[in-house]
Amino acid sequence: MQDLAGKVAFITGGASGMGLAMAHSFSAAGMKVVIADIEQQALDAALAELGQRNTEVIGLKVDVTRRDAMEDAAQETEEKFGKVHVVCNNAGVAVGGPVDTMSYKDWDWVMGVNLDGVINGIQTFTPRMKAHGEGGHFVNTASMAGHLGIASLSVYNTSKFAVVGMSESIRQDLAPHNIGVSVLCPGVVRTKIFESGRNRPQDLTGDRDTASLVLQSGTTGDPSQVQALLATALDASVVGDMVLHAILTNEFYIFSHPEFQSAVEARASEISASFERWRAYCQTHISNQE
Ligand SMILES: NC(=O)c1ccc[n+]([C@@H]2O[C@H](COP(=O)([O-])OP(=O)(O)OC[C@H]3O[C@@H](n4cnc5c(N)ncnc54)[C@H](O)[C@@H]3O)[C@@H](O)[C@H]2O)c1
């Protein structure tokens with residue numbers, strides 16, 4: 001998409017972290033911005049912060065797991081600002097720990113926000129973007145955990161691989177309608193993701209201390225390790241600007257952490273080597289193969 005000034009962006013999880021950074025970057029580019037988030041206090045703080053720059057911004061309290069709430073939010077956005085051109089399906093949460101410690105509530109909560117939330121954004125806004133015919137762009141927030149399986153992140157990994165796969169598919173469906181798609185795949189970014197439990201609904205809360213669940217992940221270790229990890233993590237504002245650049249240039253993958261390239265290539269090499277072994281197997285075991 002070009003000429004973003006005056007266009008409308010809808011950002012889920014927009015009250016904090018990378019979503020809020022996108023709101024800043026889009027506002028600076030002259031867009032009208034809707035931040036949709038489940039956390040009222042964070043919404044109020046974000047609106048106060050963004051409003052100081054005199055930008056056209058509104059906040060909507062929305063739970064992305066609820067289809068009716070997303071529909072209501074889309075209607076409210078259109079009433080206030082008109083046609084929606086950019087949708088960032090960004091709201092996300094995380095739990096960590098070995099797979100045998102995960103409960104159905106862990107699976108339901110994380111898949112509900114990280115995958116159903118993205119599905120609901122696509123379902124709600126695709127017909128609207130097609131109908132106004134002015135073109136548009138979806139940005140779906142996945143993660144490097146959408147490309148690499150990581151120990152103790154089974155639930156999160158599952159949700160993020162799904163978002164990458166969905167994005168690879170819909171980019172093809174939507175291109176003929178002049179609707180671009182990007183999938184955001186960051187490594188560690190300094191946000192409140194490690195405190196995801198703050199937004200966990202009561203009915204999906206298990207017996208454990210959910211606020212610190214992600215801290216139990218084998219990759220992150222104890223809280224002091226998390227603090228050290230966050231101290232050197234990428235600033236969210238950098239990611240906000242990258243997302244804006246990706247929309248303007250219609251760049252599909254957004255890889256904010258180049259240091260993960262070798263790990264992704266190693267995974268591709270393992271897959272390639274496995275193909276070769278199965279090719280050899282087929283040649284010796286299946287009669288009509290070359
Ligand atoms: N921070 C990282 O290191 C990192 C790395 C890769 C991917 N991500 C992904 O980035 C996205 C943004 O997370 P962040 O890191 O900025 O964390 P964050 O916690 O700062 O922001 C997430 C936002 O999502 C909102 N949210 C949670 N549940 C919601 C719901 N049901 N409905 C609406 N909003 C809801 C929260 O209130 C919060 O404002 C997530 O999808 C996350 O999985 C984060």
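For ligands, and for the atoms within them, numbers begin at 1 and follow the listed sequence.
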query = Heavy-atom contact under 4.0 Å between T12 and ligand 1?
reply = no
request  = Output yes when a side-chain donor or acceptor of R66 lies under 3.5 Å from a complementary backbone atom of D63, and no otherwise.
outcome  = no
query = Counting N and O atoms only, with roles assigned by atom type, does the side chain of H177 sit under 3.5 Å from a partner on the main chain of I179, one being a donor and the other an acceptor?
reply = no
query = Quick one: which ligand 1 atoms are inside 4.0 Å of a heavy atom on G17?
reply = 16 (O), 20 (O)
key: Atoms in ligand 1 flagged as close to V62, the criterion being non-hydrogen separation under 4.0 Å   = 32 (N), 33 (C)
inquiry  = Pairing donors with acceptors under 3.5 angstrom, does anything connect the side chains of S237 and H24?
reply    = no
query = If we only count N/O pairs under 3.5 Å, is N90 in contact with ligand 1?
reply = yes
query = Under the side chain to side chain donor-acceptor pair (under 3.5 Å) criterion, do S154 and N157 qualify, and how do the steps go?
reply = CA-CA 5 Å; S154 57; N157 262 149; over 6 Å; no
task = Heavy-atom contacts with E39 under 4.0 Å: which atoms of ligand 1 show up? List them by number with element.
result = 37 (O)
message = Ignoring hydrogens and geometry beyond distance, is a side-chain donor-acceptor pair present between E251 and H245 at under 3.5 Å?
response = no
query = Are side-chain N/O atoms of Q75 and E71 paired as donor and acceptor at under 3.5 Å?
reply = yes
Enumerated ligand 1 atoms positioned under 4.0 Å from heavy atoms of D63 = 30 (C), 31 (N), 32 (N)
query = Out of curiosity, is G187 lining ligand 1, as in a heavy atom under 4.0 Å away?
reply = yes
query = Nearest protein heavy atom to atom 2 (C) of ligand 1, by residue and atom, and its distance?
reply = V189 N, 3.5 Å
query = Is there a nitrogen or oxygen of N199 sitting under 3.5 Å from a nitrogen or oxygen of ligand 1?
reply = yes
task = Report the nearest protein non-hydrogen atom to atom 42 (C) of ligand 1: residue, atom name, distance rounded to 0.1 Å.
result = Y156 OH, 3.5 Å
ask   = Does K160 have a heavy atom less than 4.0 Å from any atom of ligand 1?
value = yes
query = What protein heavy atom is closest to atom 32 (N) of ligand 1, reported as residue, atom name and distance in Å?
reply = V64 N, 3.0 Å
task = Work out whether the distance between some heavy atom of A42 and some atom of ligand 1 is less than 4.0 Å.
result = no
task = Starting from atom 19 (O) of ligand 1, find the nearest protein heavy-atom neighbour and note its residue, name and distance.
result = R198 NH2, 3.0 Å
key: Whether M144 lies under 4.0 Å from ligand 1, heavy atom   = no
key: Heavy atom of the protein closest to atom 18 (P) of ligand 1 (residue, atom name, distance)   = S16 OG, 3.5 Å
message = Is the distance from the ring center of Y281 to that of W278 below 6.0 Å?
response = yes
ask   = Counting heavy atoms not belonging to Q123, are there more than 12 under 6.0 Å from its CD?
value = no
query = Among V87, V181, N140, L174, whose side-chain contact (heavy atoms from CB on, under 4.5 Å) with I122 holds?
reply = N140
inquiry  = Using a 4.0 Å heavy-atom cut-off, which part of I38 comes near ligand 1: side chain, backbone, both, or neither?
reply    = both
ask   = ligand 1 and T65, any nitrogen or oxygen pair closer than 3.5 angstrom?
value = no
ask   = Can you find an N or O of T141 that's nearer than 3.5 Å to an N or O of ligand 1?
value = no
ask   = So, does S143 use its side chain to make a donor-acceptor pair with the main chain of C185 at under 3.5 Å?
value = no
inquiry  = Run the salt bridge (charged side-chain N to carboxylate O under 4.0 Å, His left out) test on R200 and D106 for me, step by step, so that the C-alpha distance in whole Å, both residues' side-chain angles and the decisive distance to 0.1 Å come before the verdict.
reply    = CA-CA 10 Å; R200 189 164 175 158; D106 291 325; 2.9 Å; yes
inquiry  = Angle between ring planes, F10 versus F125, binned at 30° and 60°: parallel, tilted or perpendicular?
reply    = tilted
inquiry  = Is there a polar contact, in the sense of an N or O pair closer than 3.5 Å, between M18 and ligand 1?
reply    = yes
query = Are any of the heavy atoms in G117 under 4.0 Å away from ligand 1?
reply = no
Protein heavy atom at shortest distance from atom 37 (O) of ligand 1 = D37 OD1, 2.6 Å
ask   = Is it the side chain (CB and beyond), the backbone, both or neither of E195 that lies under 4.0 Å from ligand 1, heavy atoms counted?
value = neither
query = Considering only the protein, which heavy-atom contact is closest to atom 27 (C) of ligand 1, and what is its distance?
reply = V93 CG1, 3.8 Å
remark   = heavy-atom search around atom 17 (O) of ligand 1 in the protein gives T191 OG1, 3.4 Å
message = Are there over 12 heavy-atom neighbours, none belonging to D3, within less than 6.0 Å of that residue's CG?
response = no
inquiry  = Can you tell me if F194 contacts ligand 1 (heavy atom of the residue under 4.0 Å from the ligand)?
reply    = no
ask   = Which of the listed options, S196, A142, G92, holds the heavy atom that is closest to atom 7 (C) of ligand 1?
value = A142
query = Are the side chain of T284 and the backbone N or O of A280 linked by a donor-acceptor pair below 3.5 Å?
reply = yes
task = I would like to know whether R128 and E78 meet salt bridge (charged side-chain N to carboxylate O under 4.0 Å, His left out); could you show each step before the answer?
result = CA-CA 10 Å; R128 291 178 151 88; E78 286 170 339; 2.9 Å; yes
ask   = Which part of I193 is near ligand 1, with near meaning a heavy atom under 4.0 Å away: side chain, backbone, both or neither?
value = both
ask   = Hey, are E270 and R267 close enough for a salt bridge, meaning a charged N less than 4.0 Å from a carboxylate O?
value = no
message = As a quick check of understanding, evaluate side chain to side chain donor-acceptor pair (under 3.5 Å) for T65 and D116, giving each step before the final call.
response = CA-CA 6 Å; T65 69; D116 291 347; over 6 Å; no
ask   = Polar-atom distance check: V113 versus ligand 1, any N or O pair below 3.5 Å?
value = no
request  = May I ask you to identify, for A236, whether its side chain, its backbone, both or neither come under 4.0 Å of ligand 1 on a heavy-atom basis?
outcome  = neither
